[in-house]
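Heads up: the structure comes next, in structure tokens.
What you see is a predicted model; the values in this text were computed from it and never measured.
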Amino acid sequence: MKKNLSLVVVLAACLVAAVSCKDEPVREAISHKDIYREAYIYGFPMVMNYGVLYAYFVDKNSGQYKAPFNQIFNEDRVFTPKDTAIVTPNSDTPYSFVGLDLRAEPVVLCVPKVEKSRYYSVQLVDMYTFNYGYIGSRATGNDAGCYMVAGPDWNGETPAGIKKVFKSETQFGLVGYRTQLLGPKDMPNVVKVQSGYKVQTLSAFTHQPAPPAAPPIDFLPFTKDDMKLPFAKYLSFVLQFCPPVEEEKPIRAKLASVGVEAGKPFDVDKLSDADKAELALGVKEGYEAIEKLRDNIAKDINGWLVGSIMGDRAFYHGNWLQRAAGALAGIYGNSAEEAVYPLAKHDSAGQPLDGSNKKYNITFARDQFPPVNAFWSITMYDGKTQFLVENSINRYLINSPMIPAMKKNPDGSLTIFVQKDAPSADKKANWLPAPDGPIYLVMRLYWPRTEQPSVLPPGEGTWKPPVIQVAQ
């Protein structure tokens, strides 16, 4: 009936204007379902990010809690299957985290001098999940220094002693530190580096009186189920801390038309049955679109998807679906200049990777390891959850620092054995344990080289990842 009415309206307009209608398209009003779908795609990474911030810096009973906002928390270990707040967690580098609250004043991050042989990075992520800045080996070098992060409302003077100011578009954010672990016995050295990471407010750094504190916030409790139908309530909550920039205004106007507005409560229970049905369908279609792009977002090279899915606002240029697909693939992934992430869910023949009934070999030809300035790894995840996989030897990855202890083939190549059960003793050093089911592999290439052979630009570089072959 709505479609027929729309057609009548358009035809009537044409007749009144005394013009031909043969080339005039019929434009129907956008349904609430379509707007909910757009809202879900736009808000997916933001709500996922809120869930992490809530678990890490708000909910002390989450089992994942780190520290209050504006205080650093150092992990003196690598991530294990027990770490489930973030999908596809990195188990290469012990993390340090800071949850930023920039409402009252900027925050100063100071880093120590780090030995040249050790890679480290400090990634700045806002509530949109844009990577808006980096400190570390690639971006600023390994010398000591202090850097300031300011919120969207700050317009003050840069004090002496600050090497650079990073401006966040949002009032909250995450800082993720990655400090390279050079081997099993290297953790005390990592801890020493981590102890040199300092975080303080601007007033503490300049020894001036602190400004008035920002008002307390009644944070919304969050569970993974809130990524589904309740997402709109959480998106409305998050938007109040994200002052709209010009690029955001059209999508914000669409969201407001269905009641998703900054700081305005959104109650699913108060929707009509028809709107609830449209919301459910919009969420379903939105997630399917995100999942589809995640699995097709990059170029297929020997079964690995190689591309660039993370970056700053300019990188995405308003492509909210790409941003959401990046978050689903692995939220808080680095921008390509910092790291490239070839992903694999299929073997060289295009069949799904499955550890329940197959074994696989990944062979790097002699001198054909990934071309990086720092280091590389291949990490195993459960294909259903994207979490690390429990196994008998507590090995979740193979990385370049492990190569000296691995066994090479007579021709100088190196084969990694991907399987759920332990191989023979002579192959065990090269074993990457797999789940008893779907497999999701992530290769991490930290600080990729720009000179050829290179993986850059992602998907177009001259270096190709090795094929994943079914073991005979």
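Taking 4.5 Å as the limit, every side-chain heavy atom of Leu343 sits out of range of all side-chain heavy atoms of Leu441. Put simply, the side chain of Asp226 does not reach to within 4.5 Å of the side chain of Tyr50, judged on heavy atoms. A heavy-atom distance below 4.5 Å is found between the side chains of Ile301 and Pro465. Counting heavy atoms from C-beta outward, Ile416 and Met406 have side chains that approach closer than 4.5 Å. Side-chain contact check for Asn70 versus Pro68: every heavy-atom pair is 4.5 Å or farther apart. For the pair Leu414 and Asn409, the minimum side-chain heavy-atom distance is 4.5 Å or more. Using a 4.5 Å cut-off on side-chain heavy atoms (C-beta onward), Phe97 and Val52 make no contact. Within the 4.5 Å cutoff, no side-chain heavy atoms of Phe172 are placed close to those of Val238.
Ring centroids of Tyr40 and Phe231 are separated by less than 6.0 Å, placing the two rings close together. Between Tyr446 and Tyr119, the distance separating the two ring centers is shorter than 6.0 angstrom. Remark: aromatic rings of Phe69 and Phe57 are close, center separation under 6.0 Å.
A side-chain donor-acceptor contact under 3.5 Å links Asn142 to the backbone of Glu115. Panel note: side chain Tyr332, backbone Leu174; no donor-acceptor pair is recorded below 3.5 Å. Distance alone, capped at 3.5 Å, is enough to place a donor-acceptor pair between the Tyr381 side chain and the Pro89 backbone. Panel note: side chain Lys224, backbone Gly51; no donor-acceptor pair is recorded below 3.5 Å. At distances below 3.5 Å, at least one donor-acceptor pair connects side-chain atoms of Ser91 with backbone N or O atoms of Phe79. A donor-acceptor pair under 3.5 Å is formed between the side chain of Arg118 and the backbone N or O of Gln180. Thr170 places no side-chain N or O within 3.5 Å of a backbone atom of Phe241 that could act as its donor or acceptor partner. Side-chain atoms of Arg178 never come within 3.5 Å of backbone atoms of Gln123 as a donor-acceptor pair (strictly under, hydrogens ignored). Side-chain N or O atoms of Ser31 include one that pairs as donor or acceptor with a backbone N or O of Asp34 at under 3.5 Å. A donor-acceptor pair is defined here as one N or O able to donate and one able to accept, closer than 3.5 Å; such a pair exists between the side chain of Asn430 and the backbone of Lys407.
Counting non-hydrogen atoms of neighbouring residues, nucleotides and ligands closer than 6.0 angstrom, the NZ atom of Lys116 exceeds 12 such neighbours. Enclosure of atom NZ in Lys276 by more than 12 non-hydrogen atoms of other residues, nucleotides or ligands within 6.0 angstrom is indicated.
Every pair passing ring-ring contact (aromatic ring centres under 6.0 Å, His included) that includes a residue from residues 300-327 is listed here, sequence neighbours excluded: Tyr42-Trp320, Phe130-Tyr316. Counting only residues at least two apart or in different chains, side-chain hydrogen bond (donor to acceptor under 3.5 Å, both in side chains) contacts with residues 462-472 comprise Gln452-Thr462. Residue pairs meeting the salt bridge (Lys or Arg N to Asp or Glu O under 4.0 Å) criterion with at least one member in residues 75-86, sequence neighbours excluded, are Lys66-Glu75, Glu75-Arg77, Arg77-Asp83. Sequence neighbours left out, the pairs with a member in residues 108-143 that pass disulfide (SG to SG under 2.5 Å) are Cys110-Cys146. Applying the salt bridge (Lys or Arg N to Asp or Glu O under 4.0 Å) test to every pair with at least one member in residues 300-312, sequence neighbours left out, gives no pairs at all.
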Under the criterion side-chain hydrogen bond (donor to acceptor under 3.5 Å, both in side chains), I'd like the reasoning laid out for Thr129 against Arg323: C-alpha separation, chi angles, the key distance, then a yes or no. CA-CA 8 Å; Thr129 68; Arg323 184 181 63 170; 4.6 Å; no
Kindly indicate, with the supporting measurements, whether the criterion side-chain hydrogen bond (donor to acceptor under 3.5 Å, both in side chains) is fulfilled by Ser424 and Asp426. CA-CA 6 Å; Ser424 57; Asp426 62 322; 2.4 Å; yes
Hey, mind stepping through Lys284 and Glu288 against salt bridge (Lys or Arg N to Asp or Glu O under 4.0 Å) and telling me if it holds? CA-CA 6 Å; Lys284 178 177 181 293; Glu288 288 172 349; 2.7 Å; yes
Stepwise side-chain hydrogen bond (donor to acceptor under 3.5 Å, both in side chains) check, Asp126 with Tyr132: CA-CA 7 Å; Asp126 64 19; Tyr132 64 91; over 6 Å; no
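Inspection of the Asn391 and Tyr396 side chains reveals no N or O donor paired with an N or O acceptor under 3.5 Å. Side chain to side chain, Ser121 and Arg138 fail the donor-acceptor criterion of an N or O pair below 3.5 Å. In this structure, a donor-acceptor pair under 3.5 Å is present between the side chains of Asn334 and Tyr341. Counted by atom type alone, Asp411 and Ser413 present one or more donor-acceptor pairs between their side chains at under 3.5 Å.
The heavy-atom pair separating Asn131 from Gly333 by the smallest distance is ND2-O, 3.1 Å. Closest of all the heavy-atom pairs between Lys113 and Ala144 is N-CB, 3.6 Å. Scanning both residues, Ala434 and Val418, for their nearest heavy atoms gives CB-CG1, 4.2 Å. Pro438 approaches Lys384 most closely through the heavy-atom pair CG-CG, 4.0 Å. Residues Tyr197 and Tyr120 share a closest heavy-atom pair of OH-CD1, 3.5 Å. Between Asp143 and Val111, the shortest heavy-atom distance links the atoms O-CG2, 4.2 Å.
Lys233 meets the salt bridge (Lys or Arg N to Asp or Glu O under 4.0 Å) test with no other residue; sequence neighbours excluded. With sequence neighbours excluded, the residues satisfying side chain to side chain contact (heavy atoms under 4.5 Å, CB included) with Pro423 are Gln419, Lys427, Trp431. Legend: residues meeting salt bridge (Lys or Arg N to Asp or Glu O under 4.0 Å) with Glu247, ordered by chain and number and at least two apart, are Arg313. Not counting sequence neighbours, the partners of Ala298 by the side chain to side chain contact (heavy atoms under 4.5 Å, CB included) test are Leu305. Considering only residues two or more places apart in sequence or on other chains, Asp347 meets the salt bridge (Lys or Arg N to Asp or Glu O under 4.0 Å) condition with none of them. Taking the salt bridge (Lys or Arg N to Asp or Glu O under 4.0 Å) definition, one finds that Lys408 meets it with nothing, sequence neighbours left out.
Here the CZ atom belonging to Phe237 is positioned 4.5 Å from the CG atom belonging to Leu220, to the nearest 0.5 angstrom. The distance from atom CG of Leu181 to atom CZ of Phe375, rounded to the nearest 0.5 Å, is 8.5 Å. Expressed to the nearest 0.5 Å, how far CZ of Phe166 lies from CG of Leu109 amounts to 8.5 Å. Rounding to the nearest 0.5 Å gives a distance of 5.0 Å between CD1 of Ile41 and CG of Leu321.
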Report all side-chain donor-acceptor pairs from residues 355-372 shorter than 3.5 Å, counting only partners two or more places apart or in another chain.
unit_1	atom_1	unit_2	atom_2	d
Ser356	OG	Asp354	OD1	2.6
Tyr360	OH	Asp354	N	2.9
Thr363	OG1	Thr415	OG1	2.8

